[in-house]
Amino acid sequence: MNREYKYIDATISGLNKSSDAHFKWLVKVLYYVSKKHEHASDITSCNAHSRCEFGIWLQQKLKEDRDDKSYLLDIHHKHIRIHEKCRELMAVLTFNEASADSFGAFASALLAFNQSLTLYKTHLLQRRTSFDALTGLPLRRTLDESFDKTSEKFAKDGLYLLLLDIDHFKKINDNYGHLTGDQVLRALAIQLEDETRKCEPVYRYGGEEFIILLHASSDEDAFAIAERIRLLVANTEIAAGDHGITFTAGLTQVHENESLHRVLERADKALYHGKHTGRNRCIYVNRYSDMYKIAV
């Protein structure tokens, strides 16, 4: 299962669990309000927001280097404000001085906190739809949205696109059924992620086609990486009836300021050439459409 896909699921699960705990905390607040003489240090202390279950979960998430940190920071500020308004409300209730304004401020803080949680959860669920439910890999849409930024950041240091297609996949579905075909796709997705670095994303391009963005300092290094992955897959028993599987791939360098369409067009031509010259091979294509296998 894709790392990001698992992260999103784990975050949604953690968010649900910790926010449920926080609403139970609200019930606890109401209990102490009804028992004005009771001491409630875990609610009224100045650092209560960092001691409650939600606060502990949130602090852990804030330590992570994520591109959605702005959502978490907003939740963090709203969470602190809830505890501040609760502390103020508890203080005035102790002396029977609570007013509609005190309750209103607390209610507003709760509402703002809940809205912030909803925004973040919506963001996570939208991100989740960018991943393939079968393999857990990001879909073509994610590549479309992120390619220009990735290219701008890495192309000058050596960025390559590998487009691969499982050989004779239709026969697998026809001979062994679509459930076996699905198992093959899932197993290959896991292996591709296992054999690539965290900075080299794997995408399900569609059907039995996958894309990997490889980082390499030269054509030879990129081709060596692609060949290593191809040979590992060919020598691994990914069950497809009584046989394993192989793939054919087209490899090309991503040059600065190139569009994804242009890069894919080259890689697809190389893949097509590989399919018609024997399959189970990787073909490199340069920016001038010259195609060949590189000696490594």
All heavy atoms of N173 vs all of G181, minimum pair found to be OD1-CA, 3.4 Å
Taking K78 first and then D74, would you say they form a salt bridge - that is, a charged N and a carboxylate O separated by under 4.0 Å? yes
Side chains of R279 and T248: do they bring a donor and an acceptor to under 3.5 Å? no
Donor-acceptor contact present, side-chain T180 to main-chain Y176, <3.5 Å: yes
Looking at D167, is its backbone amide N or carbonyl O close enough to the side chain of T246 to form a donor-acceptor pair, meaning the two atoms are under 3.5 Å apart? no
Would you say R266's side chain and Q253's backbone share a donor-acceptor pair under 3.5 angstrom? yes
What orientation do H22 and F113 show, parallel under 30°, tilted 30 to 60°, or perpendicular over 60°? tilted
E152 and K156 have their tightest heavy-atom pair at O-NZ, 4.0 Å
Any side-chain to backbone donor/acceptor pair from N235 onto L231? Under 3.5 Å, distance only. yes
If you measure from CG on D101 to CD on E88, what distance do you get to the nearest 0.5 Å? 11.5 Å
Any donor-acceptor N/O pair, H273 side chain to M291 backbone, under 3.5 Å: no
Quick one about S108 and R81 (side-chain donor to acceptor, distance below 3.5 Å, no hydrogens or angles considered), yes or no? no
Does R128 use its side chain to pair, donor to acceptor, with the backbone of D9 at less than 3.5 Å? no
Should the ring pair W25 and H83 be called parallel, tilted or perpendicular, given that the plane angle runs from 0 to 90° and is split at 30 and 60? tilted
Verify, without hydrogens or angle tests, whether D268 (side chain) and L264 (backbone) share a donor-acceptor contact under 3.5 angstrom. no
Gap between atom CG of L143 and atom CG of L161 - 0.5 Å precision: 7.0 Å
Nearest 0.5 Å, please: how far is NE2 in H49 from CD1 in I82? 12.0 Å
Can you name the closest pair of heavy atoms from C52 and H79 and give their distance? SG-NE2, 3.3 Å
Main-chain N/O of L134 paired to R204 side chain as donor or acceptor, under 3.5 Å: no
Does Y120 use its side chain to pair, donor to acceptor, with the backbone of L72 at less than 3.5 Å? no
Report the distance from atom OG1 of T252 to atom CG of D219, rounding to the nearest 0.5 Å. 8.5 Å
Would you indicate whether the side-chain heavy atoms of I56 and R51 approach each other to under 4.5 Å? no
Less than 4.5 Å apart, any side-chain heavy atom of Y272 and any of I283? no
Might you point out which heavy atoms bring S146 and Y203 nearest each other, and give the distance in Å? OG-OH, 3.7 Å
Taking only Lys NZ, Arg NE, NH1 and NH2, and the carboxylate oxygens of Asp or Glu, determine whether E195 and R230 approach each other closer than 4.0 Å. no
Contact summary for C46 and R87, nearest pair of heavy atoms: CA-NH1, 3.7 Å
Within this structure, what is the CG-OH distance for the pair L15 and Y71, rounded to the nearest 0.5 Å? 13.0 Å
Would you check if L251 and Y284 make a side-chain contact, meaning some heavy-atom pair closer than 4.5 Å? yes
In Å and rounded to the nearest 0.5 Å, what is the CZ to CZ distance from F247 to R281? 13.0 Å
Pick out which of L139, L137, I8 makes a side-chain contact (heavy atoms from CB on, under 4.5 Å) with F131. I8
Look at the side chain of K293 and the backbone N and O of C282, then say whether any donor-acceptor pair between them is shorter than 3.5 Å. no
Check whether L124 and I75 end up in the same hydrophobic cluster, where Ile, Leu, Val, Met, Phe, Trp and Tyr are linked by side-chain heavy atoms less than 4.5 Å apart. yes
What one should report as the nearest heavy-atom pair of A249 and L162 is CB-CD1, 3.6 Å
